[in-house]
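One structure below.
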Number of protein chains: 2
Amino acid sequence: MGAVKGSSPKTSKGTLGKDQFGEYLKHILRLEHVSSPVSTSALSESMKVAPSTVTDMLKRLAGKKLINYVPYHGITLTPEGEKLAVKAIRRHRIVERFLTDMLGFEWHEAHEEALLFENDISDEVERRLYSALNRPKVCPHGYPIPTKVEDVLVEEVTLYSLEPGEQAEVMSVKDDDPEMLRFMASLGIKPGVKVKVEVKDPFKGPMQTMVGKQKRTVGWHLANAVFVKKLR
Amino acid sequence: MGAVKGSSPKTSKGTLGKDQFGEYLKHILRLEHVSSPVSTSALSESMKVAPSTVTDMLKRLAGKKLINYVPYHGITLTPEGEKLAVKAIRRHRIVERFLTDMLGFEWHEAHEEALLFENDISDEVERRLYSALNRPKVCPHGYPIPTKVEDVLVEEVTLYSLEPGEQAEVMSVKDDDPEMLRFMASLGIKPGVKVKVEVKDPFKGPMQTMVGKQKRTVGWHLANAVFVKKLR
DNA sequence: CTTGAAATTTTGACTAACCCAAATTATAAT
DNA sequence: ATTATAATTTGGGTTAGTCAAAATTTCAAG
Ligand SMILES: [Mn+2]
Ligand SMILES: [Mn+2]
Ligand SMILES: [Mn+2]
Ligand SMILES: [Mn+2]
């Protein structure tokens, strides 16, 4: 009685569902940028699940034509998969931006909060969020809000790669370690800020830098989580 | 390798999860208001699932101490269940309000869009949404945004119950039929508007009314989906 | 107090997304 | 050709949801 009969194909092509697909696609896109095709072990590490779990998922992803899967030889995104990956990344960054700009979250909270519901909003909500935010170009951590795959590419030069005397502008920062983000904020490091390296200790030692007008000491780990564009 | 070991108890007490629990609790609360204890068949009808499905779910709900379940004799919410039900209703209405007020959705879209992600946001996001919205008292359809169970109670007088000559203020409207909501809007019917009945046909016939300053004919079904408070 | 219809639960399945350890197999490098 | 490593297969397991059909319980009439 009262039960709805049929069902629905559900995963209707260009749609991101409640499943982990979006998350896998995001990771694959990033990893493919490092080296393509992407191996099972790379994904296993990055997704923090067992290799056998990844193989499982790859078969499902391949079934949906989102990846080209050659057993034992890794995977690449299909055009369709790439489109969805970009869409997932875009959505994540828009939601992060919503959380900071409209709800006042700190940047170290935005990433995880976004993961909680970003996969459940409709395309229409995403569109309206984007408008309401005034069509921002980047997420709170400085990463571009992409439309197409080329937009996802990002500055790869880390603060640590600078030599004494060099100046640069902070473009983006790794957004997955809340504690590090807090600390960065306390140092005044954020997208848009200018930095200058004064001293760089050997053996992965700390750097003495100017962050804006402030003298700051920055360790190796942190300096490698900051992406910059060299100036002059 | 890289796999996270343990697990987590997950459903950690006062939390609303990704599951249907929240949805069931909302329905139970409403039905209990009509007649308590709530029967399996009433829930089956209201949730649009088979009775056996309901029985299943009742066992799970009872396992989490959210309902008092006496097989064959219906259920009531436990204090804990009632608290969660109110929380779920509150959250739904806040999210609806967010969709209309901050994102510009029409009221006939808000209900369904809200269902898509309301169960996935954190308590903190809910709190901040509520603040950002300026602590509204009601959802876009006129229902209160509750803090405790008493707040959920609502005007039960329908527009159709008015007799010719009587005046009333629209308090709320049924929010689950998008097409009806569209039509209501086109008639100018919305919370806060004053209505006056001029003629009421017999046999569940239509009413001639004044909606604000406009002459409007309102059918039985629609008039029963509008809740009012009599004036004078 | 019996009986039978109606309501409800049980039984037995099914799907879909996950996830993993251990055993097996394929690849590629020596 | 051997072998280490990577990847897959095998064989599980979980949670969350769903249903039809069979069995059971309740309750109201007789
Ligand atoms: Mn992020
Ligand atoms: Mn970010
Ligand atoms: Mn609603
Ligand atoms: Mn509403």
Side-chain angles (χ1 to χ4, degrees), chain A residues 1-12 15-25 27-28 31 35 37-64 66-76 88 115-116 119-120, chain B residues 1-12 15-25 27-28 31 35 37-64 66-76 115 119-120:
Chain A
M1 286 288 122
V4 172
K5 250 307 125 46
S7 47
S8 39
K10 274 294 139 59
T11 321
S12 48
T15 298
L16 251 3
K18 281 189 185 302
D19 44 46
Q20 287 296 92
F21 283 10
E23 217 46 40
Y24 271 86
L25 293 175
H27 283 248
I28 294 168
L31 292 171
S35 93
V38 175
S39 68
T40 299
S41 46
L43 250 179
S44 162
E45 182 149 341
S46 142
M47 290 289 299
K48 297 187 193 307
V49 294
S52 54
T53 303
V54 172
T55 303
D56 247 35
M57 201 64 63
L58 295 185
K59 282 186 276 196
R60 279 193 267 151
L61 253 3
K64 296 239 187 298
L66 299 176
I67 59 173
N68 303 301
Y69 175 36
V70 184
Y72 294 103
H73 294 281
I75 62 178
T76 56
L115 289 179
L116 294 179
N119 288 314
D120 300 302
Chain B
M1 285 287 122
V4 171
K5 251 309 128 45
S7 48
S8 39
K10 274 296 139 62
T11 320
S12 48
T15 298
L16 253 3
K18 281 190 183 302
D19 46 45
Q20 287 294 91
F21 283 10
E23 217 47 41
Y24 271 86
L25 293 175
H27 283 249
I28 294 168
L31 292 170
S35 92
V38 175
S39 69
T40 298
S41 46
L43 250 180
S44 161
E45 183 149 341
S46 140
M47 289 290 298
K48 297 186 193 310
V49 295
S52 54
T53 304
V54 172
T55 303
D56 250 35
M57 201 62 65
L58 295 185
K59 282 186 278 195
R60 279 192 267 152
L61 255 3
K64 296 238 187 299
L66 300 176
I67 59 173
N68 303 301
Y69 175 36
V70 183
Y72 295 103
H73 294 281
I75 61 178
T76 56
L115 289 179
N119 289 314
D120 301 302

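The figures here come from the full heavy-atom set of this structure, side chains too, leaving out hydrogens, waters and symmetry mates.
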Q.
Taking the minimum atom-to-atom distance to the side chain of R60(A), which one of dT9(D), dA21(C), dC18(C) wins?
A. dC18(C)
Can you check nucleotides 23-30 of chain C for protein contacts, nitrogen or oxygen pairs under 3.5 Å, and list what you find?
none

Q: Report the distance from atom CG of D120(B) to atom CG of N119(A), rounding to the nearest 0.5 Å.
A: 9.0 Å
Q | Spacing between L66(A) atom CG and dA17(C) atom P, to the nearest angstrom | A | 12 Å
Q) Of all residues at least two apart in sequence or in a different chain, which pass the side-chain contact (heavy atoms from CB on, under 4.5 Å) check with L116(A)? A) E113(A), S122(B)
Q | Value in whole Å for how far the P atom of dT9(D) lies from CE of M57(A) | A | 15 Å
(Q) Among dC19(D), dA7(D), dC19(C), which nucleotide has an atom closest to any side-chain atom of A50(B)? (A) dC19(D)
Q) Per the atom types in the model, does the base of dA20(D) pair as donor or acceptor with the side chain of S52(B) at under 3.5 Å? A) yes
Q. Between atom NZ in K64(A) and atom P in dC18(C), what is the gap in whole Å?
A. 10 Å
(Q) It should be established whether K59(A) places a side-chain nitrogen or oxygen under 4.0 Å from OP1 or OP2 of nucleotide dT9(D). (A) yes
**Q.** Side chain of F21(A) - closest among dT9(C), dC18(C), dC20(C)
**A.** dC18(C)
(Q) What is the separation between atom CG on D56(A) and atom P on dT8(D), rounded to the nearest whole Å? (A) 10 Å
Q. Looking at residues at least two apart in the chain, or sitting in another chain, which of them share a side chain to side chain donor-acceptor pair (under 3.5 Å) with S46(A)?
A. H27(A)
Q: Would you kindly give the CG-to-P distance between L61(A) and dA16(C), to the nearest whole Å?
A: 16 Å
Q | Spacing of E23(B) atom CD relative to dA16(D) atom P, expressed in whole Å | A | 16 Å
(Q) Side-chain N or O of T40(B) versus OP1/OP2 of dT9(C): is the shortest distance under 4.0 Å? (A) yes
Q) Counting only side-chain N and O atoms of T53(A), is one of them less than 4.0 Å from OP1 or OP2 of dC19(C)? A) no
**Q.** d(CG, L43(A); P, dC20(C)) in whole Å
**A.** 13 Å
Q. Atom OH of Y69(B) and atom P of dT10(C): how far apart are they, to the nearest Å?
A. 6 Å
Q.
Using the side-chain heavy atoms of S41(B), tell me which of these nucleotides is nearest: dT8(D), dT8(C), dC18(C).
A. dT8(C)
Q) What distance separates L58(A) CG from I28(A) CD1, expressed to the nearest 0.5 Å? A) 6.5 Å
Q | Axis bend over the full length of the helix from dC1(C)-dG30(D) to dT30(C)-dA1(D), computed from five pairs that close each end, to 10 degrees | A | 20°
**Q.** Inter-residue atom distance M57(A).CE - L43(A).CG, 0.5 Å rounding
**A.** 10.0 Å
Q | Set of side chain to side chain donor-acceptor pair (under 3.5 Å) partners for T55(B), sequence neighbours left out | A | none
Q: Give, for atom OG1 of T53(B) and atom NZ of K48(B), the distance between the pair rounded to the nearest 0.5 Å.
A: 14.0 Å
Q: To the nearest 0.5 angstrom, please state how far the CG atom of L66(A) sits from the OH atom of Y24(A).
A: 13.5 Å
Q. Who passes side-chain contact (heavy atoms from CB on, under 4.5 Å) against S39(A), sequence neighbours left out?
A. S41(A), A42(A)
Q. Start at the 5' end of DNA chain C and walk down; is the nucleotide closest to L58(B) or to Y24(A) reached first?
A. L58(B)
Q: With sequence neighbours excluded, give me every side chain to side chain donor-acceptor pair (under 3.5 Å) pair touching residues 67-76 of chain A.
A: N68(A)-T76(A)
